[in-house]
Amino acid sequence: TKVHVVGTLKKDASGNILEMSYQPEIDPNYFTFKLVDRNNEEKTVIYDNPKPQDFERSEQVVVIGSMQKGEFVAEKILMKCPS
């Protein structure tokens with residue numbers, strides 16, 4: 001079952017993104033990050049594709065996918081960037 005989850009990126013007080021990992025030199029198709037949903041719950045998101053361009057600038061993120069072994073495996077990532 002595919003679900004849509006709306007959330008924000010986990011950031012510190014200075015606005016720096018926390019717990020995001022992308023190492024294209026090791027695996028360009030493996031990207032993980034923490035998403036905080038509207039209930040203030042944190043989930044690790046795994047995306048088996050390259051990190052989307054301007055991902056760090058997004059204000060809000062929508063991930064489409066499913067829960068697998070306690071982690072959210074995203075098939076698609078939609079971003080809302082500041083206009």
Side-chain angles (χ1 to χ4, degrees):
T1 306
K2 290 184 181 56
V3 294
H4 290 65
V5 179
V6 179
T8 57
L9 301 174
K10 184 177 179 181
K11 297 182 180 181
D12 64 15
S14 302
N16 299 314
I17 298 172
L18 302 173
E19 299 183 53
M20 180 175 73
S21 176
Y22 182 58
Q23 298 174 318
E25 65 281 353
I26 295 172
D27 187 349
N29 292 315
Y30 185 79
F31 172 50
T32 67
F33 61 96
K34 284 278 188 183
L35 186 74
V36 182
D37 70 12
R38 291 180 176 161
N39 297 327
N40 217 26
E41 291 184 33
E42 293 179 17
K43 286 290 179 203
T44 298
V45 177
I46 298 172
Y47 186 55
D48 290 324
N49 286 289
K51 180 176 67 133
Q53 186 175 349
D54 294 332
F55 184 79
E56 293 85 351
R57 294 181 52 219
S58 61
E59 289 180 345
Q60 193 174 56
V61 178
V62 178
V63 290
I64 302 167
S66 60
M67 288 297 294
Q68 296 178 17
K69 299 177 187 167
E71 298 174 321
F72 191 89
V73 177
E75 293 177 13
K76 194 169 190 180
I77 297 177
L78 308 173
M79 301 174 300
K80 180 183 180 205
C81 293
S83 46

Query raised in the report: Roughly how far, to the nearest 0.5 Å, is CG of N29 from NZ of K51?
Result: 14.0 Å

Query raised in the report: In terms of hydrophobic clusters joined by side-chain contacts under 4.5 Å, are M79 and L9 together?
Result: yes

**Report entry** Shortest non-hydrogen contact from A74 toward V45
**Finding:** CB-CG1, 3.8 Å

Query - Cluster overlap M67 with I46, hydrophobic side-chain contacts below 4.5 Å - result: no

Report task. Begin from the C-alpha positions of V63 and F72 and carry the test side chain to side chain contact (heavy atoms under 4.5 Å, CB included) through to its verdict. Result -> CA-CA 9 Å; V63 290; F72 191 89; 3.5 Å; yes

Query raised in the report: Got a donor-acceptor contact below 3.5 angstrom from the D37 side chain to the N39 backbone?
Result: yes

Query raised in the report: Which heavy atom of R38 sits nearest a heavy atom of V6, and at what distance?
Result: NH2-CG1, 3.6 Å

Query - Test log, rule side-chain hydrogen bond (donor to acceptor under 3.5 Å, both in side chains), inputs T44 and K34 - result: CA-CA 5 Å; T44 298; K34 284 278 188 183; 3.2 Å; yes

Query raised in the report: Are V5 and Y47 connected, step by step, through hydrophobic side chains (Ile, Leu, Val, Met, Phe, Trp, Tyr) whose heavy atoms are closer than 4.5 Å?
Result: yes

Report task. Could you tell me whether N40 atom CG has more than 12 heavy atoms of other residues or ligands within 6.0 Å of it? Result -> no

Report task. Decide whether M20 and V61 are clustered together by the hydrophobic rule: side chain heavy atoms of Ile, Leu, Val, Met, Phe, Trp, Tyr closer than 4.5 Å, transitively. Result -> yes

Report summary line: So CD of Q23 and OG1 of T32: to nearest 0.5 Å the spacing works out to 9.0 Å

**Report entry** Hydrophobic cluster identity match, I17 and I77, side-chain contacts under 4.5 Å
**Finding:** yes

Query raised in the report: If you take all heavy atoms of P52 and F31, which pair is closest and at what distance?
Result: CD-CE2, 3.9 Å

**Report entry** Nearest-0.5 Å distance, CZ of residue F33 to NZ of residue K10
**Finding:** 13.5 Å

Query raised in the report: Does F55 have its ring centroid less than 6.0 Å away from the ring centroid of Y22?
Result: no

